[in-house]
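So the structure is just underneath, and the comments pick up after that.
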Amino acid sequence: MIMLFNTLSRKKEVFKPIEEGTVKMYTCGPTVYDFAHIGNFRAYVFEDLLHRFLEYAGYRVIRVMNITDIDDKTIAGAIRENVSLQQYTEKYIRAFFEDMECLKLKKAAYFPRATHHIPEMVSIIKILLEKGYAYEKDGSIYFRISSFPSYGKLSQYDFDRITTARTDSDEYEKEQARDFALWKGTKDEPFFWNTDIGKGRPGWHIECSAMSMKYLGETFDIHTGGVDNIFPHHENEIAQSEAVTGKKFVNYWLHCAHLLVNGEKMSKSKGNFYTLRDLLKKGYAPDGIRYLLMTTHYRDPLNFSEQSLKQAENTVKHLQAFHQRLFFATNINGESEPEIAKTIEAASEGFFNALADDLNISAAMAEIFSFVRNVNESFEAGKLKAKDAEKIIEFLNRINEVIAVIETAGEKLPGDIICLIRKREQARKEKNYQLADSIRNEIADKGILLEDTPYGTRWIKK
RNA sequence: GGCCAGGUAGCCAAGCGGUAAGGCAACGGUCUGCAAAACCGUUAUUCACCGGUUCAAAUCCGGUCCUGGCCUCCA
């Protein structure tokens with residue numbers, strides 16, 4: 001049984017998809033006006049963990065991640081560089097996919113772009129106009145919030161008590177300040193579409209309604225995003241979508257908390273602003289970054305610092321070394337220990353149960369670490385045999401489908417290094433330690449660390 | 001001002017009524033030709049603060065202080 005915290009009810013709920021065995025999930029993706037920063041990736045890593053865990057639990061996951069390629073910022077950027085909107089956004093889209101790969105973020109089934117779905121948006125807006133949920137004013141079209149009584153149910157705002165100077169002095173002509181734009185009429189802006197509802201461009205929220213319903217249906221299982229999207233973005237999506245279909249839009253809303261840097265909000269002016277690329281340039285490893293972003297529970301604020309990134313890197317390094325070291329036991333013949341199977345079983349169950357409880361990754365990792373300790377004990381005691389080592393590797397590979405921080409490929413050493421290791425073994429037997437040490441240094445320069453154990457020399461990648 | 005999160009060891013982080021998981025770092029030990037790695041052990045009488053409820057509170061209630069978020073287009 002999987003429990004997920006639903007923002008709609010502010011409670012953990014038993015997860016039950018509409019269609020048995022399949023999860024339909026929409027995750028708010030990037031606005032491609034710049035390189036994504038690590039705060040953005042915190043959300044994407046959370047979504048990735050959710051995606052991976054649901055698959056681990058046996059579900060088929062159909063995920064959509066939108067790409068917002070038309071909004072005030074992409075327009076401003078294209079104008080500034082005097083290029084087409086597509087030319088401007090293309091490089092950030094490409095960069096985003098590179099970054100995703102770097103952090104081992106699983107691909108969604110669909111990455112729809114807003115600019116490719118204008119007709120779908122227009123048709124929703126037309127229905128909203130027909131049904132009286134929307135009105136046109138001065139070339140733009142707005143959603144009439146007063147026509148949708150449950151507005152505010154996601155954010156739990158009491159709109160009768162909220163009025164701010166900001167909303168009152170809005171630049172657009174609306175009936176009510178809180179009404180939001182579905183379609184923005186344009187007069188002399190360079191980017192627009194000529195449609196049945198006039199010349200203009202879409203508002204922000206409508207793209208998610210149009211694209212999610214196109215690929216996932218009128219009602220689907222999970223919709224995620226950062227907490228800052230709860231209001232107004234997701235609130236507006238609900239209003240638009242439910243007004244059009246008369247059906248519930250989304251069953252489970254999941255939102256992740258923000259990332260802070262050294263206890264402060266990340267901002268360019270404070271100089272604590274990091275993109276993934278910045279961190280890679282500083283020499284940090286992608287797996288460490290992924291681990292750090294992943295291992296704070298998604299609903300808690302994550303305080304990022306380079307110190308904690310180093311800690312995360314060390315943790316991953318240990319896990320990696322553990323995985324590689326297991327291959328040295330695959331040569332040891334003997335009967336398998338029944339304890340090992342039990343240890344795997346317990347870890348597997350603990351890992352699953354922790355994640356099934358609203359993605360409690362810390363508890364899940366604690367299971368893994370205690371498993372590692374148990375296996376190491378057997379290893380040190382010489383009780384780990386090939387049959388068991390293989391089972392353990394298989395188990396690690398399985399959970400790595402969820403955590404994705406262990407490099408599981410390529411466990412073979414090049415022949416020349418194997419020869420060097422043998423040569424050094426011989427030198428050690430002959431107590432020619434000078435030669436042995438120089439070979440060890442030579443191999444170390446190639447990124448391979450040697451460990452002499454009572455059972456022979458092991459190697460691990462640095 | 002309204003609403004919503006969070007404050008747990010040097011750092012990161014679980015636990016959310018039954019007497020403080022785990023990781024990193026550090027230190028001591030075992031092993032080693034020396035290393036490295038690994039293993040074992042140690043590291044919070046205490047969970048921002050003050051009251052209260054309870055046989056029992058980090059966990060519930062009230063108040064205070066800090067940090068962050070949202071309040072119309074920021075994950």
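No hydrogens, no waters, no symmetry mates; every other heavy atom, side chains included, goes into these values. By convention in this document, chain letters (A, B, ...) are assigned in the order of the sequence lines, proteins followed by strands, and residues within each chain are numbered from 1.
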- Item | Per A/T315 side chain, nearest of listed nucleotides B/G23, B/A13, B/A25 | B/G23

- Atom C1', compared across B/G23 and B/C66: separation rounded to whole Å: 27 Å

- Aromatic ring centroids of A/F352 and A/F53 under 6.0 Å? yes

- Query: Considering only B/C74, B/G23, B/G2, which nucleotide approaches the side chain of A/K265 most closely?
  - Reply: B/C74

- Task: Using the P atom as the reference point in each nucleotide, state the distance between B/C4 and B/G63 in Å, no decimals.
- Result: 13 Å

- Task: Please confirm whether any donor atom in the side chain of A/K184 sits under 3.5 Å from an acceptor in the base of B/C73, or the reverse.
- Result: yes

Pairs of donor and acceptor atoms involving the side chains of residues 304-316 of chain A, under 3.5 Å and at least two apart or interchain, shall be tabulated with distances.
unit_1: A/S305; atom_1: OG; unit_2: A/S308; atom_2: N; d: 3.1
unit_1: A/S305; atom_1: OG; unit_2: A/S308; atom_2: OG; d: 2.8
unit_1: A/E306; atom_1: OE1; unit_2: A/Y284; atom_2: OH; d: 2.5
unit_1: A/E306; atom_1: OE2; unit_2: A/Y274; atom_2: OH; d: 3.0
unit_1: A/E306; atom_1: OE2; unit_2: A/K282; atom_2: NZ; d: 2.7
unit_1: A/S308; atom_1: OG; unit_2: A/S305; atom_2: N; d: 3.2
unit_1: A/S308; atom_1: OG; unit_2: A/S305; atom_2: O; d: 3.0
unit_1: A/E313; atom_1: OE2; unit_2: A/A285; atom_2: N; d: 2.6
unit_1: A/T315; atom_1: OG1; unit_2: A/Q311; atom_2: O; d: 3.0

- Between B/A20 and B/A14, how far is it from one C1' atom to the other, in whole Å? 10 Å

- Query: Under a cut-off of 3.5 Å for both distances of each Watson-Crick or G-U pair, what dot-bracket string does RNA chain B give, using [ ] for crossing pairs and | for inter-strand pairs?
  - Reply: (((((((..(((.....[...))).(((((.......))))).....(((((..]....))))))))))))....

- Rounded distance in Å between the P positions of B/G33 and B/C24: 27 Å

- Query: Within the structure shown, what part of the strands sits under 4.0 Å from A/G39 by heavy-atom distance: base, sugar-phosphate, or nothing?
  - Reply: base

- Message: Ignoring hydrogens and geometry beyond distance, is the side chain of A/N360 in donor-acceptor contact with the base of B/G15 at under 3.5 Å?
- Response: no

Pick out the pairs of N or O atoms, protein on one side and nucleotides 35-40 of chain B on the other, that lie under 3.5 Å.
unit_1: B/A35; atom_1: N6; unit_2: A/D452; atom_2: N; d: 3.3
unit_1: B/A35; atom_1: N6; unit_2: A/D452; atom_2: OD2; d: 3.4
unit_1: B/A35; atom_1: N3; unit_2: A/R440; atom_2: NH1; d: 2.9
unit_1: B/A36; atom_1: N1; unit_2: A/D452; atom_2: O; d: 3.3
unit_1: B/A37; atom_1: O2'; unit_2: A/R325; atom_2: NH2; d: 2.9
unit_1: B/A37; atom_1: O2'; unit_2: A/E451; atom_2: OE1; d: 3.4
unit_1: B/A37; atom_1: O2'; unit_2: A/E451; atom_2: OE2; d: 2.8
unit_1: B/A38; atom_1: O3'; unit_2: A/N376; atom_2: ND2; d: 3.1
unit_1: B/A38; atom_1: O2'; unit_2: A/E380; atom_2: OE2; d: 2.7
unit_1: B/C39; atom_1: OP1; unit_2: A/N376; atom_2: ND2; d: 2.4
unit_1: B/C40; atom_1: OP1; unit_2: A/E377; atom_2: OE2; d: 2.2

- 5' precedence on RNA chain B between A/K310 and A/A43 (nearest-nucleotide basis): A/K310

- Does the cation-pi check pass for A/R325 over A/F379, that is, NZ or CZ under 6.0 Å from the six-membered ring centre and within 45° of its axis? no

- Query: Which value, in whole Å, describes the distance between the C1' atoms of nucleotides B/C11 and B/A26?
  - Reply: 12 Å

- Please report, rounded to the nearest Å, how far the P atom of B/C74 is from the OH atom of A/Y44. 12 Å

- Task: Classify the nucleic acid contact of A/L259 as base, sugar-phosphate or nothing, counting any heavy atom under 4.0 Å across all strands shown.
- Result: base

- Query: Reckon A/I230 touches a base, only the sugar-phosphate, or nothing at all at heavy-atom distances under 4.0 Å?
  - Reply: nothing

- Task: Give A/F369 one of three labels, base, sugar-phosphate or nothing, depending on what nucleic acid heavy atoms sit under 4.0 Å from its own.
- Result: sugar-phosphate

- Query: Reckon A/H205 touches a base, only the sugar-phosphate, or nothing at all at heavy-atom distances under 4.0 Å?
  - Reply: nothing

- Which whole number of Å gives the distance between the P atom of B/G68 and that of B/C50? 24 Å

- Task: Describe the nucleic acid contact of A/H233 in one word from base, sugar-phosphate, nothing, applying a heavy-atom distance below 4.0 Å.
- Result: nothing

